[in-house]
Structure formats: structure tokens, C-alpha cells
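First the proteins, then the strands, lettered A, B, ... as listed; each starts at 1. None of these values were measured; they are calculated from a predicted model.
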Amino acid sequence: MKTIALYSIKGGVGKTASAVNLAYLSSLGEPPTLICDLDPQGASSFYFRIVPNKKYSSRKFLKGNKKIYDNIKGTDYENLDLLPSDFSYRNLDIELLEEKKPQKKLRKNIQELSTEYPFIFFDCPPNLTLLSESVFVASDIVLVPLIPTTLSLRTFDQLVGFFKESRLDTSKIRGFFTMYERRKAMHREIIEEYSGKKRFLKRIIPYNSEVEKMGIYRAPLNAVRPHAPASMAYQELWEELRGEIKQ
Amino acid sequence: MRTIPGPLFFRLSDALDLPVFFKGMEKSFTFQAQPVRKETLDWFDTFDWKAWSRKSAIVRSGSRLAILDMKSGHELCGAPVRKRPRSFFPNDIDDKKTASRLLGISKLRAFILYGSVETETRKWRILDENRKTVASIELLSLPGKKDGKRQLFMKLSPVRGYGKELETVAGHLKQYPDHSEKITCLDYHKEILTAAGITPASYSSKPSVKLKPGDTIQDSARKLLLPTLGVLYANEKWISKNIDTEFLHDYRVAVRRTRSILAQLKGIFPPEELSRYKKVFRELGKRTGNLRDLDVYLLQADRFRNLLPGTMRDSLDTFFTDLGNRHKKELKSLNRYLGSEKHTRLMREWEAFLRSEMPSDPDITPKAGTKTSDVAVSTIRKAWKKVIRHGREISGTATDTERHTMRIECKKLRYLLEFYASILPAKNLQTVVRQLKTLQDNLGTFVDLSVQQGYLNNYLSRLEPGADNISSAASIGGLVTALYHERENVRMNFHNTFDTFDTPETEALFNELLNKHR
Ligand SMILES: Nc1ncnc2c1ncn2[C@@H]1O[C@H](COP(=O)(O)OP(=O)(O)OP(=O)(O)O)[C@@H](O)[C@H]1O
Ligand SMILES: [Mg+2]
């Protein structure tokens with residue numbers, strides 16, 4: 001089992017869009033795939049039209065394995081399942097504090113799922129919190145979408161710094177650029193300098209208004225518009241990532 | 001971990017009006033029709049129904065071959081296929097996972113197209129208020145049995161995490177008990193099989209025969225020989241199709257078993273007939289021998305190649321092409337014989353003879369009335385003693401012929417144990433057979449390796465001298481050397497293997513086995 005977290009300290013950078021599309025692509029090639037929505041806003045659950053069971057809550061999530069297992073739902077795509085988030089997830093940070101080893105909690109909680117899913121994706125909420133730390137430990141890859149701006153790069157450096165301070169494995173971190181607009185000089189310059197460098201993937205996701213329409217389609221863009229520029233870019237990004245994982 | 005519920009199946013009478021049925025359901029669901037799917041399903045299995053026996057379905061539809069678990073309905077794996085094969089081997093399939101699953105079902109046998117069925121499937125997605133798919137309904141229609149009316153089945157597939165929704169739909173169906181009957185997934189697949197005209201049978205190259213210790217040996221011998229003839233009949237027509245090597249193999253086993261029973265029947269069957277049929281089956285053994293040898297070489301092609309360093313492998317190609325050509329010739333001549341009027345007549349006469357009343361004239365068949373158990377005990381004891389005596393005499397330098405003889409004696413003992421299995425204590429028998437099998441494996445491998453070396457040497461000596469054949473000769477030489485080393489290892493192992501067979505414990509087991517009828 002490989003676990004991939006879509007994570008960024010910054011909000012609105014394309015974590016959810018990327019998690020949904022990459023997980024969908026993974027479910028085609030390496031079935032079955034699970035996507036865990038960890039954001040109380042439940043954006044990825046929304047994209048799949050899934051609402052959690054009435055009795056599901058952050059407490060259940062923290063109980064782990066069986067409770068998680070029972071609340072997994074099938075998406076409309078044969079080999080793609082989703083664990084929806086609940087609004088109560090907003091309390092996860094406080095609730096994690098009560099746990100003995102909060103950083104290791106998530107890893108332990110999903111252990112039993114490893115036999116069933118070759119790939120598990122986490123769609124994380126923004127900010128750097130105790131939950132994020134738990135995600136870092138549980139993930140094999142921490143995949144960070146960056147809009148090509150200096151500010152994004154700064155927060156990316158902050159993340160690497162945090163990993164070092166906390167003695168986490170910095171080799172898990174992988175950045176990639178998204179919402180790239182060629183007409184913007186700053187975008188071009190940053191891409192030029194960073195793309196394919198240490199900790200950065202080569203493939204870039206362009207800015208593509210089709211992505212925004214995912215809220216209307218309520219489906220992965222790769223499933224409904226596989227030839228949209230962003231879909232094709234996600235396809236290539238996934239292949240690049242698969243190649244790295246295989247090595 | 002909990003398993004996810006599988007689909008539910010129903011048999012429908014066509015009277016069920018589906019649009020009306022759907023209207024009667026809970027408001028919050030909508031039904032989204034999918035395009036109608038018409039497809040021809042081709043069903044495959046090995047000749048000995050290996051897939052059926054583990055309730056796996058091997059089905060081709062369009063350009064895809066899938067293996068399904070008939071009990072759960074889950075697809076275990078799938079692979080693309082070209083054209084519409086009439087039969088195929090696991091290694092013909094491109095997808096690794098599927099190929100290895102097929103190999104798990106049968107190593108040597110081909111998968112044969114057993115039947116086809118035209119299906120028509122209508123599918124609806126059931127959506128909740130968010131337009132999320134919570135289940136799906138498929139209506140499968142199959143060609144009717146006799147009256148031409150198509151049969152209707154419903155498959156209700158759950159989506160994980162939406163068990164309640166599925167129950168609602170299934171519960172709704174319960175309101176129409178006259179129109180729908182719940183059936184199991186296996187039954188559902190059986191219906192499709194039936195519609196494809198397939199009736200899975202059982203086939204065994206060693207039919208088990210229930211003997212009674214007190215019956216006369218003449219009756220018991222006939223009871224054993226008739227099903228063995230059945231095996232001959234079953235395989236005969238398939239040999240010519242050259243689909244896999246096991247038809248001939250099973251055929252030869254049945255011939256040998258027949259011969260080894262006949263060898264015990266002095267004074268039990270009339271001497272004239274006995275000697276006549278002994279000849280008939282010796283002849284059959286001879287006529288099938290060459291083809292079987294060629295089969296074995298061809299089956300081993302990959303192993304032979306891998307025994308050589310990479311650079312020398314290609315030079316074996318001519319050798320194998322040559323084998324292939326000889327195989328064609330041998331097959332042709334065997335087919336001619338098996339299809340001949342003479343052979344057909346002989347087999348019919350043999351059958352008639354086995355079914356006829358036999359003379360109970362003490363002058364012709366003085367031992368016909370002996371109790372089966374008595375014959376079992378004395379023949380098994382004799383055969384076993386022979387194996388032991390011979391095994392002890394075999395030295396490290398024993399000739400190939402001596403080992404060959406020993407191998408045949410072991411085979412005889414094995415057949416006897418199998419013939420009389422139904423009147424021997426099962427547990428002892430199992431242990432004894434297991435030990436005997438290890439010994440047989442050793443001897444079998446040894447003899448095979450010897451025969452193969454002999455064949456290769458012979459081939460080598462007939463190669464035209466000249467530059468063209470240098471690389472071929474080198475490769476064959478390399479192969480002989482490799483096989484020689486393998487054989488010497490097997491030779492050294494013989495004594496260990498025999499020593500574990502020739503023990504007081506095994507002797508005790510044999511005595512116990514045979515004393516049951518003392
Ligand atoms: N490549 C793209 N081109 C155009 N718009 C995009 C692209 N990727 C994402 N967007 C849009 O940007 C917005 C934010 O994206 P998304 O929700 O995926 O980010 P996020 O990092 O998950 O946000 P949050 O931090 O709120 O969870 C969305 O409206 C989305 O449709
Ligand atoms: Mg998000």
C-alpha cells in the first residue's frame with residue numbers, strides 16, 4: 001500500500017482538485033483506490049456526491065480500522081471508494097490531543113485497509129496542525145500543489161523546515177506546480193527555475209477553467225472531460241509519480 | 001474485516017412490468033437507464049472441468065476474457081483477447097495475472113470453448129436525491145429452453161456503503177412474490193451455462209470403482225475394466241484435434257491400466273480372449289508411445305532452452321522444428337489407426353466381451369470364482385515384495401534398464417493399490433501411496449532423463465557434418481551434458497528415497513493394509 005497526501009499550508013491551491021483526479025486515475029490503473037476526505041468542509045466528498053452516514057463523526061474516525069471500514073462508500077466509479085468527512089472533523093485537532101501518540105494515530109488507524117487498497121489518498125485541510133503531523137507520519141508521499149508564486153515557495157520552504165525540525169523524513173515531500181498561466185512572467189520564471197529540481201515534479205498543471213466546473217459536474221474531471229488540458233496534465237503527472245513510486 | 005455484500009439475483013417471470021414496478025418505489029430514487037448491451041458470451045473450461053470444479057467461470061465477451069467467481073459474482077481478473085479462440089493455453093494470454101490464475105486452474109490442459117450464449121442486458125442506475133448512484137439493476141435475458149420464450153433474470157448490485165438503499169429495493173421486489181424468485185449467484189450462473197448448452201460433467205482419468213471384497217474376481221475385473229474403457233472412448237476423439245497433450249496422456253494411462261489388470265487375470269478370463277486382448281492393448285501402447293515422447297520433449301522446450309546459456313539457445317530452434325514435424329507425422333499415423341475400422345471393431349468387441357456372460361467352466365477359467373479380496377491381497381503383496389527385493393539389489397552403478405524395470409514394477413504396484421482402493425483401509429493406503437509416489441518420481445525422472453539423453457545423442461549422430469550444423473551440435477551437446485548432471489543427481493538420491501520406502505514402518509503399514517482381509 002502507498003499513501004499519498006495532498007497537502008499544503010496554504011488554502012485554495014488545488015489540493016482537492018488534485019486528490020480527486022489523481023485518485024480517479026489511480027483507480028483505473030491500480031484498483032481499488034481509496035480517497036480519505038480529511039477536510040471538515042468535505043469538498044472531495046461533495047465532488048463525488050457522497051454524504052457521510054448520520055452517525056459518522058470524528059470520534060469514529062479516531063477509533064480507526066473497523067469504524068473507518070464500515071463508513072467507506074463506493075463512488076460512481078467501479079474501483080474508487082471514498083471515506084467521507086463529517087463536519088465534526090473540525091474538532092479533530094483537539095480530539096487528537098487526547099490521544100497517547102497523536103502523530104502516529106492516523107497511520108495506525110488505516111493499517112488494516114492496506115490489504116485492500118494499493119493506493120490511499122488523503123485530501124487534507126490547509127494549515128499546519130496536529131492532524132497534519134499525523135498525516136505526515138501516515139503518508140509515503142506528501143504531495144504539495146504550488147501556484148507558481150514566491151509566496152507559495154516560501155510556505156513550501158517552511159514545510160521542509162518543519163519536517164527537519166520534527167525529524168520527519170523530508171524525502172517524502174514532493175511539490176508540483178498548478179494553475180500555471182503562461183502569460184504571467186512570474187509563473188514562467190518560477191517554473192523555469194524550479195520545475196524538475198530536487199523535491200519538485202516535472203509535470204505542471206495549467207490553469208484551466210474546466211477544473212472549476214468540477215463543482216457542476218460533481219465528478220473527477222478526468223472521468224467526464226478526459227481531454228481537457230488539465231485532465232491530460234493530471235494524467236502525465238500521475239504517470240510521473242507512478243514512475244517515482246515504482247523505483 | 002467485514003466483507004462487502006455481493007449482488008442479489010432474482011428469476012423473473014416476464015409478467016413483471018418494470019416501469020410500473022419502478023413507479024411503485026420510494027419517491028427519492030430515480031432510475032437512469034443505460035444503453036442496452038447485447039453480447040455473446042463464450043464459456044471455456046478444461047476437458048476435466050477444472051474451472052467448474054472450483055466454481056470459476058472463464059468467459060469471453062467481445063475482446064475480453066474474464067475469470068469470475070460464480071459463488072460471489074466477483075470478477076477475479078480479466079485480459080484482452082484477439083479473435084474468438086476455440087481453445088487456448090494460459091500462456092497465450094497476455095495479462096500476467098490472468099495467465100497465472102489460469103495456470104493455477106490447470107498447468108497442462110488447454111481451455112476449450114464449451115458453449116456460447118446470446119445475452120441482452122438492460123441496466124439502470126438507481127440514484128438518490130444527490131443523483132449519487134446507490135445501486136444498479138440489470139435485467140438479463142437469455143434464450144429460452146424449449147418454447148423459445150426468453151428467460152429473465154435480475155441482478156441487483158449494491159454500491160459499497162449503501163446497504164440500506166439496496167434493502168429498500170430488494171424489499172420492494174418482495175411485494176411481487178408471484179413475479180420474482182430470489183436465487184443464488186451460483187444458480188444464476190448455472191442458468192447461463194444451461195442456456196449456453198453446457199452441462200458440466202465430471203471426468204477423471206482414474207474413475208473410482210467401488211468393489212466388494214466378497215465378489216468374484218471375474219466380476220470385479222470387469223467392473224474395473226469397463227470404466228477404463230470409458231476413459232479410452234472419452235479421450236479418443238480428442239487426440240486427433242491436438243488441443244493439449246493430456247488426451248493422449250490419459251489415453252495411455254488407461255491402456256496401461258487395462259494391461260496391468262489383464263496381466264493378473266490368468267485363469268480368470270478365458271485364455272484365448274485374454275491373450276488376444278493383451279495383444280490388442282500392447283499394440284495400442286506401442287502405437288501411442290512415440291507421440292507421447294514427442295509431446296514430452298515439446299512440453300519441455302522452455303526447460304531445455306533454459307538449461308543452456310543465452311547465446312546457445314537459438315540453435316535449438318531447428319531441433320524443435322524437427323520435433324514439431326515428427327510430431328505432425330506421428331499424430332497423423334496414430335489418427336489413421338484410431339480412426340480405422342479395425343480399431344473401432346476391436347474396441348466394440350472388447351466392450352461386448354466385458355459385458356457378456358463369461359463361461360464358468362472350471363477347465364477354462366478355474367480361478368474365476370476367487371474372492372476379490374484374496375486376489376487383491378496376494379497380488380499386492382507379490383508386487384510389493386518385488387519392488388523391495390529389486391530396490392535392495394540396485395547398486396549405485398545399476399544400469400538404466402534395471403532402473404527402468406524397477407520403475408515399471410513400482411507402477412504395477414501403484415495401479416494395484418488404486419484398483420483395490422475401495423476395499424483397502426483409506427488412511428493406510430494414502431500413506432503407502434504417498435511414499436510409493438516419491439519413489440516413483442525419482443525413478444521416473446531418472447528414466448526420463450536417460451531416454452532424453454539417448455534421444456539427443458541419436459539426433460546428434462544423425463546430424464550432417466558441416467559448418468551449418470556446428471552451432472546446433474554444440475547446443476545439443478550442451479543439453480546432453482546438462483541432462484547428464486541432472487540425472488546423476490537423481491541417481492544419487494535413489495538410495496535415500498528407497499530407504500525411506502524400505503522401512504519397518506512401511507512394512508507394518510503394508511501388512512496392516514493387507515491383513516484387513518485375512
Ligand atoms: N488547474 C486549475 N485551473 C483552474 N482552476 C483550478 C485549478 N485547480 C484548482 N482550481 C480551482 O481553484 C479552487 C481551489 O481548488 P481546490 O479546492 O482544489 O483547492 P484546495 O487546496 O483543496 O482548497 P482548500 O484549501 O480550500 O481545501 C477551486 O475553485 C478549483 O476549482
Ligand atoms: Mg480542499
Please check if the number of heavy atoms outside [X] that lie under 6.0 Å from its [atom1] is greater than 12.
{"X": "Arg303(B)", "atom1": "CZ", "result": "yes"}
{"X": "Arg122(B)", "atom1": "CZ", "result": "no"}
{"X": "Arg86(B)", "atom1": "CZ", "result": "no"}
{"X": "Gln41(A)", "atom1": "CD", "result": "no"}
{"X": "Glu75(B)", "atom1": "CD", "result": "yes"}

(message) Restricting to non-hydrogen atoms, name the atom on Asn130(B) and the atom on Arg49(A) that form the minimum distance, rounded to 0.1 Å.
(response) O-NH1, 3.0 Å

(request) Inspect the contact between Arg160(B) and Glu116(A) and indicate whether a charged nitrogen and a carboxylate oxygen are less than 4.0 angstrom apart. (result) yes

(message) Between Arg131(B) and chain A, with a heavy-atom cut-off of 4.5 Å, which part of the residue counts as in contact: side chain, backbone, both or neither?
(response) both

(message) Tell me whether the NZ or CZ atom of Lys73(A) lies within the 45° cone about the ring axis of Tyr162(B) and under 6.0 Å from its centre.
(response) yes

(message) Distance check, rounded to the nearest 0.5 Å: Thr133(B) atom OG1 versus Phe48(A) atom CZ?
(response) 12.0 Å

